[in-house]
2 protein chains.
Amino acid sequence: MEFKEAKNKFVQTWGALGSQWGINKTMAQIHALLMVSNEAVSMEDIMEELQISRGNASMNLRALMDWGIVYKEYKAGERREFFTAEKDLDELAVKISRERSKREIKPALKILKEVSTIESNNSAEEKHFVDQTSKLYDFVLKADNMLDKITEFNENWLGRLVLKIMK
Amino acid sequence: MEFKEAKNKFVQTWGALGSQWGINKTMAQIHALLMVSNEAVSMEDIMEELQISRGNASMNLRALMDWGIVYKEYKAGERREFFTAEKDLDELAVKISRERSKREIKPALKILKEVSTIESNNSAEEKHFVDQTSKLYDFVLKADNMLDKITEFNENWLGRLVLKIMK
DNA sequence: TTAAACTTTCAAAAATAAATGAAACTTATT
DNA sequence: AATAAGTTTCATTTATTTTTGAAAGTTTAA
């Protein structure tokens, strides 16, 4: 396999993986492209490589910057803007989990708390509901806190975590 | 908030969360419904509660059973089939991560290995590509193995893991 | 301040994913 | 072996999500 083919395959794969995890394909592809580029890339080039429209490129670059995993870069004597991706994978994982926690898990926890604290009558049905949603609340809260803690760690948290787990 | 409202809210929320994580809404909703039901539910009742068609219910129940998180149950003297969800949350998490690993991470790893082992010429561009995709391969592999290990643990792995991490 | 170079926005179009429903299929009962 | 009760399949329809592209907006520099 030669370089261009490999690069394309990587970008496509990353894009597909993204959609399976609720991140839109183009967003993931742009990220993939930037991650394997050794220098900052202009919007023009991104459009060209991925065959996407200007609007699409612009919106997804904005989204990636909102997530904090892509940065704008200005080159001396250049009018255009260039983009680079966070390339440190620990940093990337931390930012992604923070963002998903904030956007999805925190709001879900709020709802879980609400529904698990209704006052049930004494029917088995209602008791089970309260019991199960309370357990779920605790579980999700614990998992979310775990991610926070991991985040604080930082500096190769994954490696250190693996060591710890293996005992 | 009264029970019916709370139950509905929970089912809707779980459904929305599902779609954000690449699981279809109905599948997540059926799972939510079963999880908070204290007894097995018939397909008829699922259709009724979620206002979905028979085909939809059938296909998503099949998918949930393929994931190993919903079971069929037969009641004596009943012709119809009833369904229950895995209610143990540790077990649920383990099954979901196993399944996603098998379906998504393993295939992605295969591609990552392929593209990271092209023989690069000596351009900075190609060297960076090989370097970055190799790192990504290692990272994803490590994360995936971590999930496996956690899985083996089992019996309240999350609690034990949290303890470990907190030192 | 004007104009050129470039970026963003958003309504409409296209692509994708999910749901429907009727026909085919299965299984249990008489 | 016929029938009834129930389940699955899948071509078509519907809903949702993503993309486009042209107009509006910005910024820089002459």
Side-chain angles (χ1 to χ4, degrees), chain A residues 11-34 40-67 70-84 100 103-104, chain B residues 11-34 40-67 70-84 100 103-104:
Chain A
V11 170
Q12 296 307 320
T13 304
W14 209 238
L17 206 60
S19 7
Q20 281 166 328
W21 288 84
I23 282 147
N24 101 42
K25 193 183 64 176
T26 306
M27 187 167 153
Q29 285 182 342
I30 293 177
H31 182 251
L33 182 65
L34 294 179
V41 183
S42 71
M43 192 147 101
E44 213 63 50
D45 288 346
I46 293 171
M47 290 164 55
E48 168 65 24
E49 282 222 50
L50 301 180
Q51 289 294 302
I52 57 173
S53 71
R54 187 171 294 287
N56 196 5
S58 170
M59 285 177 99
N60 282 298
L61 280 166
R62 156 110 350 265
L64 285 163
M65 289 189 291
D66 289 347
W67 279 62
V70 160
Y71 315 111
K72 247 183 201 165
E73 216 167 78
Y74 299 95
K75 286 196 185 175
E78 270 279 11
R79 183 70 167 283
R80 294 175 299 166
E81 298 174 339
F82 292 82
F83 301 88
T84 8
R100 297 209 81 154
R103 292 174 197 232
E104 293 143 22
Chain B
V11 169
Q12 296 307 320
T13 304
W14 209 239
L17 206 57
S19 11
Q20 282 166 327
W21 288 84
I23 283 147
N24 100 42
K25 194 183 62 177
T26 305
M27 186 167 155
Q29 286 182 342
I30 293 177
H31 181 251
L33 183 64
L34 295 179
V41 183
S42 71
M43 195 149 103
E44 213 63 49
D45 287 347
I46 293 171
M47 289 163 56
E48 168 64 25
E49 281 221 50
L50 301 180
Q51 289 292 303
I52 58 172
S53 71
R54 188 171 292 288
N56 196 5
S58 171
M59 286 178 98
N60 282 297
L61 279 166
R62 158 114 343 269
L64 285 163
M65 290 187 291
D66 288 348
W67 278 64
V70 160
Y71 316 110
K72 248 186 201 165
E73 215 167 80
Y74 298 96
K75 286 195 186 176
E78 269 279 15
R79 183 72 166 282
R80 295 175 298 168
E81 298 174 337
F82 291 81
F83 301 88
T84 7
R100 298 209 81 154
R103 291 173 197 233
E104 294 143 21

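Everything numeric in this text was worked out from a predicted model, so none of it was measured. Below, chains carry the letters A, B, ... as their sequence lines are ordered, and counting in each starts from 1.
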Which part of the nucleic acid, if any, lies within reach of [X] when heavy atoms closer than 4.0 Å are counted: base, sugar-phosphate only, or nothing?
X: B/E44; answer: nothing
X: A/Q51; answer: sugar-phosphate
X: B/N56; answer: base
X: B/S19; answer: nothing

Select one nucleotide: of [options], the one nearest the side-chain heavy atoms of [X].
X: B/S53; options: D/dT20, C/dA19, D/dT7; value: C/dA19
X: A/M59; options: D/dT7, C/dA18, C/dT9; value: C/dT9
X: B/I52; options: D/dG6, C/dC10, C/dT20; value: C/dT20
X: A/S58; options: C/dT9, D/dT19, C/dA19; value: C/dT9
X: A/K25; options: D/dT7, C/dT20, C/dT16; value: C/dT16

Separation of atom [atom1] in [X] from atom [atom2] in [N], rounded to whole Å:
X: A/N60; N: C/dC10; atom1: CG; atom2: P; value: 16 Å
X: A/M43; N: D/dT20; atom1: CE; atom2: P; value: 12 Å
X: B/I46; N: C/dT20; atom1: CD1; atom2: C1'; value: 17 Å
X: A/Y74; N: C/dC6; atom1: OH; atom2: P; value: 14 Å
X: A/Q20; N: C/dA17; atom1: CD; atom2: C1'; value: 13 Å
X: B/R80; N: D/dT8; atom1: CZ; atom2: P; value: 14 Å
X: B/M27; N: C/dA19; atom1: CE; atom2: C1'; value: 16 Å
X: B/R79; N: D/dT3; atom1: CZ; atom2: C1'; value: 10 Å

(message) Do B/L50 and B/I30 have side chains that approach each other closer than 4.5 Å (heavy atoms only, starting at C-beta)?
(response)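 Yes - at least one pair of side-chain heavy atoms lies under 4.5 Å apart.
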(message) For A/A57 versus A/M43, what's the shortest heavy-atom pair and its separation?
(response)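 Taking A/A57 first and A/M43 second, the nearest heavy atoms are CB-CG, 4.1 Å.
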(request) Considering just the side-chain nitrogens and oxygens of B/N24, establish if one lies under 4.0 Å of OP1 or OP2 belonging to C/dA19. (result)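 Checking B/N24 against C/dA19: at least one side-chain N or O falls below 4.0 Å of OP1 or OP2.
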(request) Could you tell me whether B/R100 sits above the aromatic face of A/W21, with NZ or CZ closer than 6.0 angstrom to the six-membered ring centre and within 45 degrees of the axis? (result) yes
(message) Once hydrogens and angles are ignored, does a donor-acceptor distance under 3.5 Å link the base of C/dT8 to the side chain of A/R62?
(response)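 In this structure, the two groups form no donor-acceptor pair.
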(message) Quick check against the 3.5 Å criterion: does B/N60 have a side-chain atom that pairs as donor or acceptor with the backbone of B/N56?
(response)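 Indeed, once roles are kept as given, a pair shorter than 3.5 Å links the two residues.
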(message) Any carboxylate oxygen within less than 4.0 angstrom of a Lys/Arg side-chain nitrogen, looking at B/E81 and B/K75?
(response)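 No, no charged N to carboxylate O under 4.0 Å.
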